[in-house]
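Because the structure is predicted, anything quoted here is derived from the model rather than measured. Atoms within each ligand, like the ligands themselves, are counted from 1 in listed order.
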Amino acid sequence: MSWIENQSDEDKKMQQNVKELGKVPKHLAIIMDGNGRWAQNKSMPRVAGHKFGIESVREIVRASSNIGIQYLTLYAFSIENWNRPQIEVKGLMSLLEIYLKKEIDELNLNNVKITTIGKTSSLPHKVQTLLYKAIDKTKDNEGMNLVLALSYSGRWDIMRTVQMIALDVRRGKISPEDINEDYFTSQLQTAGMPDPDLMIRTSGENRISNFYLWELAYSEIYITEKLWPEFKKADLYEALSDFANRERRFGKTSAQLFNEEQTNEIQKTSYLQRVLDAIKK
Ligand code: FPP
């Protein structure tokens, strides 16, 4: 089913409202928290919360793709999550398996490119096989990049990167003076991806929980009280509208940003004038 063709008018209107604000994030990262509490509030086992969480995943993936987000990272399983009760870990792994089996064709049809970050070698074989199949099947797609963070943690990736760079130094491939931010970034699992513009965390917790540590340096953070299974497209649009109204300064002052904008406008106008003059000649 084509997501774009099957949108309701109300949906299109809500998206148009967000787009008109002029700032849709290129990269949205989400900490999907609160599945366990949602289930417990309803006297259900925690795994049921994850199951309903998948319904939110489906809705948010579609809405993000339709609105033009280029990268969507979902923090689905952290390295620390391996320490949860075995029954919950097993349940989560089966849900991942079901998701990958069930959704792959629809994701592919909608031009979504699946990638993954994390220590995926720790995942059960079945999940690894399905994951790599999904990555291979969608590798030429040019729509939204869906980045599944699986057995991922920010510190793990930073440590891994430090080790790789130390090896490069030892092999004489690079000298210590050449290690800069760009080089470091190029060795992370997120190499080639823009940093998240916006990070959403559900369930009201004010933490990063070992998610993107390097990449979130200048990201806007949006925390909602909604638990992940309750987080739906209207909540996403609300978060995106909030983001569009924020001023990102990247360490500069508001006045500097204003001046830069004015200069850009002047440059754009004079460029346009030169093009028009050249056409007239
Ligand atoms: C955090 O809630 C959520 C997780 C550890 C797992 C998230 C996984 C899914 C939504 C399903 C699988 C994902 C994909 C991409 C198919 P919690 O259990 O920590 O909630 P709590 O804080 O209320 O206990």
Quiz item: What about the rings of F52 and W228, do their centers lie closer together than 6.0 Å?
Solution: no
Practice problem: Select one of side chain, backbone, both or neither to describe which atoms of K51 lie under 4.0 Å from any atom of ligand 1, heavy atoms only. | Solution: neither
Numbering as shown, the atoms of ligand 1 that approach [X] to under 4.0 Å (heavy-atom distance):
X: R84; answer: 5 (C), 17 (P), 18 (O), 19 (O)
X: N81; answer: 5 (C)
X: I54; answer: 11 (C)

Quiz item: Who's closest to atom 6 (C) of ligand 1 heavy-atom-wise, of G36, A76, G49, G34?
Solution: A76
Quiz item: Is there any salt bridge (charged side-chain N to carboxylate O under 4.0 Å, His left out) pair reaching into residues 142-153, and which pairs are they, with sequence neighbours excluded?
Solution: none
So, [X] versus [Y]: side-chain donor-acceptor pair below 3.5 Å or not?
X: K226; Y: S203; answer: no
X: N110; Y: E106; answer: no
X: D182; Y: T185; answer: no
X: Y212; Y: T190; answer: no

What I want to know is whether [X] and ligand 1 share at least one N or O pair that is separated by under 3.5 angstrom.
X: Y99; value: no
X: R46; value: yes
X: L74; value: no
X: W228; value: no
X: Y75; value: no
X: R37; value: yes
X: L148; value: no

Quiz item: Does the D157 side chain pair with the main chain of Q189, one donor and one acceptor, at a distance under 3.5 Å?
Solution: yes
Practice problem: Please answer whether the main-chain N or O of V89 pairs with a side-chain N or O of N81 as donor and acceptor at a distance below 3.5 Å. | Solution: no
